[in-house]
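Proteins get letters first, then strands, A, B, ... in listed order; numbering begins at 1 in each.
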There are 2 protein chains.
Amino acid sequence: MQVAPPDFDRMFGALADATRRDIVRRAIDAEEGVAELAGYYSMSFAAVQKHIAVLERAGLVTKERVGRRKVVCTNLEGLRIARRLLDQYEELWRGRVVRMSALISDETKEPPR
Amino acid sequence: MQVAPPDFDRMFGALADATRRDIVRRAIDAEEGVAELAGYYSMSFAAVQKHIAVLERAGLVTKERVGRRKVVCTNLEGLRIARRLLDQYEELWRGRVVRMSALISDETKEPPR
DNA sequence: CATCGATACAACTATATAGTTGTATCGATG
DNA sequence: CATCGATACAACTATATAGTTGTATCGATG
């Protein structure tokens, strides 16, 4: 089975909504079904269900059947994939600083005359 | 001067586009102006300029005037704000695991009869 | 197996977003 | 100060997204 490459558009897009971020947070405890989560928000059940579907497509939550409910579980690995990209940018930043210092020390060693 | 609270909708929304993520990556070196960055993409100059404006509103890049150009600089602090939120979710996850283990060991200590 | 609670999805509306072209502003320079 | 390179922005189009209501499916249970 082929693991899909991370779809950062979907991931960050899914995180770009306060309701969905709240669902991610609540679903960390992996205790509540779709209807229970929907109860927290002032929108319709269907709207919340759609938000959960967006999170699921983004790989940020999974659903686990428990009786007639489907319990929503935050997917830690999904969160980590997103976080790693941001870490990479910070890593590049650190590399830049190193390159800049190297350049400066080169100039110190061999000053243009 | 009042520091604006982080607008995660804008931040993650800005990151939810491959072109904008690429601009963030390139702008880490803080060497290129809007037109230079625009050269990398097959869309119009105006479109790239809009992407940069979106990143700027999200606090992920800043622009620095250099002569008649404006050099685009990735804002490390902005990236960190986004990353910290993801870290918080992982922290909550860790807390959950701890709570679950505590519950299990409680059950071991005081078995229901 | 009829019923009901829980979830899924279709169809629709309103708004946001990504792209376009054209015009305006702004700063360096002959 | 006219010019030109670089940036900003207005106005528009096409498409994606967030919400709605209504209907269908699916699983546990009397």
Check ion pair A:Asp29-B:Arg99 (N to O, under 4.0 angstrom): yes

Contact interval (first through last nucleotide) of DNA chain C with protein chain B, 4.0 Å heavy-atom: C:dA18 to C:dT29

Exam field: side chain B:Asn75 to backbone B:Gly59, donor-acceptor pair closer than 3.5 Å: yes

With a non-hydrogen cut-off below 4.0 angstrom, is B:Arg69 in contact with a base, only sugar-phosphate, or nothing? sugar-phosphate

Among residues 31-62 of chain A, which residues get a heavy atom nearer than 4.0 Å to DNA chain C? A:Gly33, A:Val34, A:Ala35, A:Phe45, A:Ala46, A:Gln49, A:Lys50

Geometric cation-pi criterion B:Arg26 and B:Tyr40, 6.0 Å radius, 45° cone: yes

Quick one, A:Val34 and A:Phe45 - any side-chain contact, counting heavy atoms below 4.5 Å? yes

DNA chain C contacts among residues 8-20 of chain A, heavy-atom distance under 4.0 Å: none

Between A:Asp9 and B:Arg21, is the closest basic N to carboxylate O distance under 4.0 Å? yes

Would you say B:Leu86 ends up clustered with A:Leu55 if hydrophobic residues are merged whenever their side chains have heavy atoms under 4.5 Å apart, either directly or through other cluster members? yes

Strictly below 4.0 Å, N to O, side chains only: are A:Arg83 and A:Asp87 in salt-bridge contact? yes

Results of salt bridge (Lys or Arg N to Asp or Glu O under 4.0 Å) for B:Lys63 - residues two or more places apart only: B:Glu56

Pair A:Arg69 + A:Glu32: basic N to acidic O under 4.0 Å: no

Report the hydrophobic cluster partners of B:Val71, with the cluster defined as I, L, V, M, F, W, Y residues connected by side-chain heavy atoms closer than 4.5 angstrom, directly or transitively. B:Val66

Taking both distances under 3.5 Å as the test for a Watson-Crick or G-U pair, what stems of at least three pairs does DNA chain D have? C:1-30 with D:1-30

So, is the end of the A:Arg25 side chain (NZ or CZ) under 6.0 Å from the ring centre of B:Tyr89 and within 45° of the ring's axis? no

